[in-house]
Amino acid sequence: MRPFEYERPNGLAEATALLADLGPDARPLAGGTDLIIRLRDGSLRPRVVVDVKGIAELDRDIREEEGYLRIGALTTMTDIAADPRVQREYPALAESALYVGSVQIRNRATLAGNMCNASPAADTAPALLAYGALVVATGPNGTRRFPLDEFFVRSGVTTLSSGELMVGLEMPRPMSPRGSIHLRRTRRRGHDLASVTLACAVTPDGATRIAYGSLGPRPSLAIDDSGRLADPSVPDAEKADFLDRLLADATPSPTSMRASPEYRLAMLRVLGLRGVKSAIDRLASAQAR
Amino acid sequence: MTDSRRIELTVNGRSRSIEVLAHHTLLDVLREDLGLTGTKECCLVGECGACTVIMDGNSVDSCLVLGVEADGSALTTVEGLAVDGKLSPVQRSFLETGAAQCGFCIPGQLMSAHALLADVPHPTRSQVEEGLAGNLCRCAGYEQIIEAVLMAAGASDEDAAANGEVRRATRLPAMGDRSATPDAELAPQ
């Protein structure tokens with residue numbers, strides 16, 4: 001690996017000032033499961049690696065706050081998958097966290113890091129989008145909160161500005177029962193990046209939120225407020241046509257080695273329909289409880 | 001300029017203080033600075049699990065952790081599993097089932113198995129499969145490896161004392177002096 005300097009700031013102000021000062025010469029390090037691979041293969045060559053795990057204001061907690069479940073920036077995939085509140089109220093997030101890598105990877109990889117790495121195939125992104133998660137980011141000019149849907153630009157690029165760090169993610173608490181699920185398609189059983197990764201959430205007001213990844217430069221969110229997808233009496237064929245229009249933004253890469261664009265689009269329709277159906281079933285059982 | 005810093009950590013129960021280069025991984029530090037070559041280098045992208053060690057109770061791929069990040073942590077490597085020359089139940093069951101073929105992946109498999117059994121003492125077969133899914137075996141000895149972990153889980157009741165020793169070894173941040181572990185002889189002082 002090419003040599004670099006290592007900094008481990010203790011405070012958030014110090015860290016953001018350092019990152020703002022160094023700009024592209026620095027990369028933040030949390031779990032390292034993406035970063036260290038890229039440091040080794042030379043595709044990233046920062047002069048300084050800034051370890052954020054020593055920052056006193058960053059935490060690894062999953063906390064209930066007014067109207068939100070807040071996930072600290074240092075929370076790992078293992079923490080997410082094992083948390084009873086996440087399992088109960090945000091099952092698609094718990095399910096997707098369990099798909100990330102292996103036990104060893106999940107013990108290090110952070111949810112915030114998975115977002116900041118901004119892979120179009122990030123498995124936890126669709127669930128967070130479907131649940132309407134907000135990003136909490138702190139930089140030299142203070143702290144701001146904004147929807148995760150306004151965070152992704154393209155692979156490896158986010159709307160964080162120079163010196164800004166994601167300090168947490170906030171998911172609104174469900175106001176009513178909800179049915180939700182995460183589904184994915186891979187080339188083989190076992191650990192693999194997704195050819196399609198998708199989350200779907202259905203609420204009793206008839207709204208359906210479908211988010212998907214691996215089908216374009218960034219994870220995408222589509223919302224159906226018409227009630228048509230969430231209606232169990234609407235035939236599948238009709239829903240499939242409707243889904244095709246709703247998910248028309250999907251633009252899978254023609255050059256990816258994982259799957260052809262035609263296959264991905266076909267699987268998006270299949271997983272979309274399955275996701276809607278499963279989310280409706282889960283909503284029904286949540287309402288029966 | 002090559003950045004380096006001193007880190008303090010506990011490896012297999014023994015406190016160590018060493019100077020490490022910022023760009024060296026924990027795997028580099030274990031193998032090159034501490035002489036603990038039981039932890040294997042293989043894919044270097046976190047897919048094969050040959051470099052698995054237990055860090056503060058959690059299994060990690062040591063190729064994806066910087067040495068400097070291990071400052072203040074407690075590590076168990078494959079050299080730390082046997083206590084006073086007595087193999088751990090998992091090591092014994094790997095021998096009994098013939099789980100080791102060429103042997104290269106086995107240190108990583110053992111560490112994942114230990115981490116799994118520390119969390120889930122009586123796993124189902126599918127829990128074993130998932131727990132060891134981050135460890136590849138090119139000899140494809142998976143059946144024997146899974147059998148070995150299940151056997152060790154069964155044996156843990158009969159061998160509670162020895163197994164209790166190992167669980168502490170993998171889960172507690174500090175274990176006091178265990179200078180009889182092999183790394184005490186191997187590692188540079």
Side-chain angles (χ1 to χ4, degrees), chain A residues 1-8 10 26-54 60 74 76-79 81-82 95 97-110 113 117 186 188-193, chain B residues 1-5 7 20-28 41 43-73 108-109 111-116 118-120 123 127-136 142:
Chain A
M1 211 180 321
R2 281 166 55 94
F4 49 78
E5 294 165 41
Y6 173 83
E7 295 286 348
R8 192 180 162 96
N10 301 315
R27 293 293 297 199
L29 164 69
T33 52
D34 285 308
L35 180 66
I36 292 174
I37 291 172
R38 300 197 56 195
L39 293 173
R40 187 181 279 114
D41 72 17
S43 60
L44 286 177
R45 299 175 167 210
R47 187 164 62 77
V48 184
V49 167
V50 180
D51 189 345
V52 302
K53 292 189 291 296
R60 196 178 155 172
L74 303 181
T76 64
M77 296 297 179
T78 299
D79 300 333
E95 289 160 1
L98 269 184
Y99 277 121
V100 175
S102 57
V103 174
Q104 293 96 312
I105 298 290
R106 294 194 292 272
N107 282 341
R108 294 292 288 177
T110 63
N117 190 52
T186 51
R188 54 190 164 79
R189 201 170 148 264
H191 298 144
D192 195 5
L193 292 174
Chain B
M1 190 197 86
T2 308
D3 193 13
S4 71
R5 63 183 57 204
I7 62 170
V20 299
L21 292 171
H23 65 288
H24 275 197
T25 61
L26 178 57
L27 174 62
D28 298 329
E41 176 177 314
C43 77
L44 295 176
V45 290
E47 286 181 3
C48 78
C51 66
T52 304
V53 299
I54 295 174
M55 183 172 172
D56 295 329
N58 298 311
S59 60
V60 300
D61 293 316
S62 61
C63 75
L64 294 185
V65 178
L66 296 179
V68 286
E69 292 182 87
D71 189 22
S73 65
Q109 303 276 6
M111 300 319 290
S112 285
H114 273 271
L116 171 70
D119 279 345
V120 189
Q127 284 173 317
V128 175
E129 287 173 358
E130 181 52 36
L132 269 60
N135 293 81
L136 302 184
Y142 296 110

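Every chain is numbered from 1 and lettered A, B, ... according to where its sequence line falls, protein lines coming before strand lines. Predicted, not measured: the structure shown is a model, and the values here were computed from it.
Looking at A/Leu39, neither its backbone nor its side chain comes within 4.5 Å of chain B, counting heavy atoms on both sides. Contacts between A/Arg2 and chain B at a heavy-atom distance below 4.5 Å involve the backbone alone (N, CA, C, O). For a residue to count as touching a neighbouring chain, one of its non-hydrogen atoms must lie under 4.5 Å from one of that chain's; by this rule B/Leu44 touches chain A with backbone and side chain alike.
Here the closest non-hydrogen pair linking B/Thr52 and B/Ser112 is CG2-OG, 3.7 Å.
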For this session: Begin from the C-alpha positions of A/Arg8 and A/Lys53 and carry the test side chain to side chain contact (heavy atoms under 4.5 Å, CB included) through to its verdict.
Result: CA-CA 7 Å; A/Arg8 192 180 162 96; A/Lys53 292 189 291 296; 4.1 Å; yes

For this session: In sequence, state the C-alpha distance, the side-chain angles, and the governing distance for A/Arg40 and B/Glu41, and then conclude on salt bridge (Lys or Arg N to Asp or Glu O under 4.0 Å).
Result: CA-CA 14 Å; A/Arg40 187 181 279 114; B/Glu41 176 177 314; over 6 Å; no

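Among the candidates B/Glu129, B/His24, B/Glu130, B/Met55, the residue making the largest number of heavy-atom pairs closer than 4.5 Å to chain A is B/Glu130. Comparing A/Val49, A/Ile105, A/Ile36 by heavy-atom pairs within less than 4.5 Å of chain B, the highest count is held by A/Ile36. Interface remark: of the candidates B/Leu66, B/Leu21, B/Asp28, B/Leu66 forms the most heavy-atom pairs closer than 4.5 Å to chain A.
With sequence neighbours excluded, the residues forming a salt bridge (Lys or Arg N to Asp or Glu O under 4.0 Å) with A/Arg47 are A/Glu5, listed by chain and number. A search for salt bridge (Lys or Arg N to Asp or Glu O under 4.0 Å) contacts involving A/Arg60 returns A/Asp79, not counting sequence neighbours.
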